[in-house]
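What you see is a predicted model; the values in this text were computed from it and never measured. Note: hydrogens, waters and symmetry copies are ignored here, and every other heavy atom, side chains too, is used.
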Amino acid sequence: MMNAPLKHPLLPLLVLVLSAASSGAFVPLMTRHLQQTGTFMTIVSPFDESAESSSEDTAVAVATKPESSGEGPFDLTWENVEMVLDEMRPYLIQDGGNVIIQEIDGPVVRLELQGACGTCPSSTQTMKMGLERGLKEKIPEIQEVIQAMPEGPPLNEEQVGVILDGVRPFLQVAGGSIECNRLEGVDGLQPAIYLEMKGSSASLNSVKLEIAQRLQKHFMMAGLRVEWIGD
C-alpha cells in the first residue's frame with residue numbers, strides 16, 4: 001500500500017503569506033486573523049465570506065446615507081456630480097476606496113472606483129445600488145451610471161512573469177514552483193492564461209485562487225480566465 005504524500009509543514013501558512021505580501025500592483029487585503037494557540041496556529045481563511053459582506057455593507061451604507069442640506073434636483077454638470085459624490089465618498093474611503101468621474105457623455109456618467117472598491121467582488125453592487133441610486137435621486141437627468149475600468153498592461157508572458165515572480169519565493173519555501181504554460185485568445189473576448197504548478201502547494205485551491213486574483217487585478221481585462229494544467 002502506498003503511503004499518503006507528505007505535506008510540507010509550512011503549507012498552512014502559504015495562503016496567508018501570499019495574501020499579505022506586498023506586490024507591485026495594489027492588492028486589497030481582506031480581513032485575516034492569526035491567533036497563537038500553544039505550539040499551533042489557527043488561520044482564518046482569507047477567502048471567508050465575511051470579507052465579501054464588508055463590501056456589500058459599503059454599498060448599503062452609500063445607498064442609505066443621510067440626506068444632505070441640498071435637496072435638489074440639480075442640473076447635470078460636472079460640479080454637481082462631484083458635489084453628490086462628495087456626500088457618499090466617506091463610506092467608500094472608510095473601506096479603503098474612492099471614486100472619480102472619468103467622463104460625462106450626455107445623460108451617461110462614467111465613474112471609476114479606486115482602491116479596494118475597484119477590485120472587490122461587490123464593485124458592481126456598490127456602483128448600482130449605491131452611487132447610481134444616489135446620483136439619480138439628486139440629478140434626475142442622469143439615465144445611467146457606468147463603471148469604468150482602468151486600462152492594464154498588455155497581456156503577454158513577460159507581464160505574467162511579473163506576477164509569478166512575486167509569488168515564487170513563497171512557493172519555493174513550501175517546496176513548490178509555478179510556470180506560465182501558454183497564453184490563448186490574447187486578442188479575443190475571452191483570453192486565457194494557462195499555468196502549471198508543481199510540488200506540495202499544487203493541491204491548495206486557495207493558493208491558486210489568490211494567484212488568479214492577482215493576475216486579474218494586474219491586467220484588468222474583462223473575461224480573462226486563469227486555467228491550471230492538470231486540473
Side-chain angles (χ1 to χ4, degrees), residues 7-8 10-32 34 43-49 51-52 54-55 95-98 112-124 126 147-231:
K7 291 186 177 181
H8 196 284
L10 294 180
L11 276 178
L13 296 177
L14 182 58
V15 177
L16 185 73
V17 176
L18 273 177
S19 302
S22 174
S23 63
F26 176 82
V27 180
L29 299 179
M30 292 180 278
T31 303
R32 299 167 176 86
L34 189 62
I43 299 176
V44 178
S45 170
F47 309 108
D48 188 82
E49 292 180 357
E52 185 171 339
S54 174
S55 300
D95 262 7
N98 206 338
E112 180 182 331
L113 289 171
Q114 298 182 321
C117 292
T119 53
C120 78
S122 299
S123 61
T124 301
T126 300
Q147 182 177 357
M149 300 297 291
E151 185 176 350
L155 178 57
N156 54 44
E157 292 192 9
E158 180 180 358
Q159 285 296 322
V160 173
V162 170
I163 300 302
L164 298 186
D165 286 344
V167 302
R168 281 191 176 105
F170 306 105
L171 294 176
Q172 290 170 357
V173 168
S177 64
I178 187 170
E179 298 295 337
C180 177
N181 181 276
R182 67 183 186 276
L183 303 177
E184 290 186 359
V186 173
D187 297 321
L189 296 177
Q190 290 187 319
I193 303 172
Y194 285 82
L195 301 177
E196 185 174 7
M197 189 185 299
K198 297 180 180 178
S200 303
S201 55
S203 62
L204 293 179
N205 289 330
S206 51
V207 172
K208 293 179 179 179
L209 179 60
E210 177 69 24
I211 294 171
Q213 288 178 338
R214 287 193 177 203
L215 286 165
Q216 289 163 346
K217 292 167 187 174
H218 180 69
F219 289 106
M220 302 297 290
M221 296 177 67
L224 177 62
R225 296 179 295 115
V226 178
E227 304 288 350
W228 298 91
I229 303 297
D231 280 0

Side-chain donor-acceptor pairs under 3.5 Å in residues 157-166, sequence neighbours left out?
residue: Gln159; atom: OE1; partner: His218; partner atom: NE2; Å: 2.9
residue: Asp165; atom: OD1; partner: Arg168; partner atom: NH1; Å: 2.4

- Kindly state each residue pair satisfying salt bridge (Lys or Arg N to Asp or Glu O under 4.0 Å) with at least one member in residues 180-194, sequence neighbours excluded. Arg182-Glu184
- Hey, does Pro153 have a side-chain heavy atom less than 4.5 Å from the side chain of Phe219? yes
- Query: In Å, rounded to the nearest 0.5 Å, how long is the span from CD1 of Ile229 to CE of Met197?
  - Reply: 12.0 Å
- Message: As an exercise, state the distance from CG of Leu171 to CD1 of Ile178, rounded to the nearest 0.5 Å.
- Response: 6.0 Å
- What residues form a salt bridge (charged side-chain N to carboxylate O under 4.0 Å, His left out) with Glu196, not counting sequence neighbours? none
- Item | Closest non-hydrogen atom pair between Ser200 and Ala174, with its separation | CB-O, 3.8 Å
- Query: What distance do Ile193 atom CD1 and Leu215 atom CG have between them, rounded to the nearest 0.5 Å?
  - Reply: 4.5 Å
- Message: Using 0.5 Å steps for rounding, measure from the NZ atom of Lys208 to the CG atom of Leu195.
- Response: 10.0 Å
